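To start, the structure under review is shown below, and the notes come after it.
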Amino acid sequence: MSEEKSLNFIEEIVENDLKAGKYDQIVTRFPPEPNGFLHIGHASSICLNFGLTQKFNGYTNLRFDDTNPVTEETIYVDSIKKDIAWLGFQWKNELYASDYFDLLYSYAVKLIEKGLAYVDELGSEEMAKLKGTHTEPGKDSPFRNRSVAENLDLFERMKNGEFPDGSRTLRAKIDMTHVNMLMRDPILYRIKHAKHHRTGNKWCVYPMYDFAHGQSDAIEHVTHSVCTLEFIPHRELYNWLIAQLEIYPSHQYEFARRNVNYTVTSKRKLLQLVNEKFVSGWDDPRMPTISGLRRRGFTPSSIRNFCERIGIAKRENLIEYSLLEFFIREDLNRTSWRRMAVLDPIKMIITNYPEGQKEMLPGENNPEVEGHDGERQIPFSRELWIERDDFMEEPPKKFFRLGPGLMSRLKSAYIVRCDDFVKDANGNVTEIHCTYFPDSKSGEDTSGLKVKGTMHWVSVPHAKTAEVRLYDRLFTSEEPDREEGDFKDYINPESLVVVKNAFIESDLANASKQLEENPDRRYQFIRKGYFCLDADSTPENLVFNRTVTLKDTWAKESQK
RNA sequence: UGCCCGAUAGUAUAAAGGUAGUACAACGGUUUUUGGUACCGUCUGUCUAGGUUCGAAUCCUGGUCGGGCAACCA
């Protein structure tokens with residue numbers, strides 16, 4: 001029973017710190033830049049940061065890293081908050097790096113006073129030239145040795161808006177020959193006459209990431225500042241700044257961002273997909289964004305379980321999309337209501353069922369749970385819609401459904417035998433004629449017949465129609481990023497297939513009401529997959545999104 | 001030519017010097033009124049060469065391979 005879940009390496013660090021009495025409680029933060037929507041990779045970071053403070057004693061702040069006014073917008077702030085809350089996490093404080101602009105400015109002044117920062121007038125090209133390379137040391141800027149008083153004056157005038165964008169920067173005075181390029185007098189502040197989403201036009205100078213992130217961590221007394229691998233070289237600067245400023249010693253730890261195959265997650269690329277209309281928006285159900293996954297029908301717990309399972313480590317990784325599918329199926333199997341829908345219909349006529357007769361048959365909502373979560377009534381009649389590929393004119397040996405002479409069960413109804421079929425002039429099958437066995441009724445079957453296949457169906461006169469959107473992976477390549485040429489060349493042309501007039505059983509006409517009653521309402525269209533009602537639905541046109549198909553071992557078998 | 005990070009089954013992740021395990025995937029079977037679910041089983045792994053040790057995935061050294069590092073982005 002004492003099955004102890006092993007800790008990831010960051011949890012281990014935290015546990016050791018706590019054991020050593022380094023902290024009474026831990027503080028983490030989730031620090032998104034509000035310039036895009038959160039995606040599945042962020043979910044991993046969110047689960048880590050919030051999970052850490054849930055598992056151990058502490059709390060997590062939500063801090064927007066909003067130091068670049070030209071790319072950041074309030075709509076992103078709102079979507080980020082919504083997504084984190086939806087995932088099931090609560091932040092202690094909602095904070096913004098921009099809240100600290102005054103303090104940060106005073107830190108910069110302090111650095112100047114200590115002789116550790118100077119105002120440079122080099123343009124970006126000249127600066128790059130003097131920076132050196134990985135193998136060659138850099139050279140000092142001619143402006144490096146101004147007096148403290150001059151630097152103070154210049155920096156103040158930068159703040160006051162006396163200089164145009166790009167004309168001056170505040171740089172840390174460290175070492176132009178340092179092996180770590182980031183330590184070669186990094187830029188601390190740049191001039192941007194731009195309106196900030198929160199501070200408006202108050203500032204014309206904005207701190208760089210390196211002069212905002214660690215300082216914000218320190219201000220908030222963040223104990224464990226967790227970020228991705230590419231920030232490893234920044235750690236040295238992070239620590240240097242904290243030491244020189246003599247502020248709270250937060251510590252930075254890095255892990256490898258999680259990558260999922262058949263997706264892209266770079267903000268630039270996601271933005272491109274949106275702007276160039278390859279998808280309908282940030283929340284298009286094919287997008288790997290949290291909002292896309294939500295609209296697709298993923299549940300918060302399925303995403304949390306996924307993040308928990310894939311773990312946290314430092315090595316490069318590419319996680320299989322099938323793992324995500326596993327967790328959403330696992331979840332939806334337990335909770336979704338079973339319903340019947342025919343996506344590619346063909347008509348079946350039960351020749352020995354009286355014309356005009358109808359009966360209502362009960363169908364359980366969910367066989368997986370005790371009590372079956374109730375049941376609904378399904379109308380049955382002489383004419384039914386069935387799935388076109390449930391019939392084969394010349395079925396192979398292991399085909400369990402219908403073909404000439406074959407028997408199959410209609411789910412929740414009767415066993416039927418296929419006697420005949422009708423073809424049109426083009427040779428397409430248009431009708432299937434069957435006889436049913438009245439004593440094989442579901443629940444009271446005394447026929448003694450044994451059949452292997454069970455099929456879904458919808459009664460023709462009682463059928464409603466709906467639009468069904470069948471989603472598949474957005475890309476045909478496991479790593480569209482790494483392919484030659486443009487990643488957009490690898491968009492899956494069948495990532496969305498719309499079925500305009502699918503036939504759905506009558507109860508599904510209540511889907512809007514059912515969603516109101518339970519916002520988590522999902523459906524399993526029997527044998528077809530898991531679906532959810534899309535926000536595009538209107539009373540006249542219901543729209544269902546396919547979240548994921550059911551596992552289909554027949555599809556594999558039939559490929560052989 | 002430099003510096004940093006990493007390397008365990010197809011994928012991801014455990015094993016803090018002592019039986020290489022788990023999940024997904026794949027494959028086979030049982031059950032089944034969903035070719036679903038559930039259950040059972042099978043397959044495949046410590047990058048390499050040395051060293052330390054009674055004993056190495058783990059510690060040390062060299063190599064190989066992969067990733068990162070020269071935005072007034074974060």
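In the text below, chain A, chain B and the rest are named by the order of the sequence lines, each starting its count at 1. In this text the structure is predicted, and so the values were computed from the model without any measurement.
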Suppose we call a contact any N or O donor and acceptor under 3.5 Å apart; does that hold for the side chain of A/Gln524 and the base of B/G36? no

Rounded at 0.5 Å granularity, tell me how far OG in A/Ser44 sits from CD1 in A/Ile310. 4.0 Å

Is there ring stacking between A/Trp554 and B/G35, where the centres must be under 5.5 angstrom apart and the planes under 30 degrees? yes

Could a donor-acceptor pair under 3.5 angstrom be found where the side chain of A/Arg315 meets the base of B/G66? no

What do you reckon, do A/Phe326 and the base of B/A23 stack, with centroid distance below 5.5 Å and planes below 30°? no

C1' spacing across the pair B/U61 / B/C54, given as an integer number of angstrom: 23 Å

With rounding to the closest Å, how many angstrom separate the P atoms on B/C24 and B/G36? 15 Å

Quick one: which of B/C24, B/A12, B/C72 gets closest to the side chain of A/Ile310? B/A12

Which part of the nucleic acid does A/Ser124 contact within heavy-atom distance under 4.0 Å: base, sugar-phosphate only, or nothing? base

Taking all non-hydrogen atoms of both residues, which atom of A/Asp66 and which atom of A/Ala97 are closest, and how far apart? OD1-N, 3.3 Å

Should the pair A/Tyr436 and A/Phe380 be assigned to parallel (<30°), tilted (30 to 60°) or perpendicular (>60°) ring geometry? tilted

Mind checking if A/Glu316 touches a base, just sugar-phosphate, or nothing, with heavy atoms under 4.0 Å? sugar-phosphate

Heavy atoms under 4.0 Å, any strand shown: does A/Arg482 hit a base, just sugar-phosphate, or nothing? sugar-phosphate

With respect to the side chain of A/Leu550, which nucleotide from B/G67, B/A23, B/G36 is positioned closest? B/G36

A/Ile187, nearest nucleotide to its side chain (from B/C72, B/C24, B/U33): B/C72

Here's one to test your reading of the geometry: is the NZ or CZ of A/Arg339 within 45 degrees of the ring axis of A/Tyr523 and under 6.0 Å from its centre? no

Determine the interatomic distance between C1' on B/U44 and the same-named atom on B/A25; round to the nearest Å. 12 Å

Distance, P atom - from B/U13 to B/C47, rounded to whole angstrom: 14 Å

Can you check whether any acceptor in the base of B/U33 is under 3.5 Å from a donor in the side chain of A/Ser412, or vice versa? no

Does the side-chain ring of A/His134 sit on the six-membered ring of the B/C69 base, less than 5.5 Å centre to centre and under 30° in tilt? yes

Under 3.5 Å, is there any donor-acceptor pair linking the side chain of A/Arg309 to the base of B/U13? no

Nearest to the side chain of A/Arg258 - B/C73, B/A12, B/A7? B/A12

Between the base of B/U33 and the side chain of A/Arg409, is there any donor-acceptor pair under 3.5 Å? yes

Side chain of A/Glu368, base of B/G36: donor and acceptor closer than 3.5 Å? yes

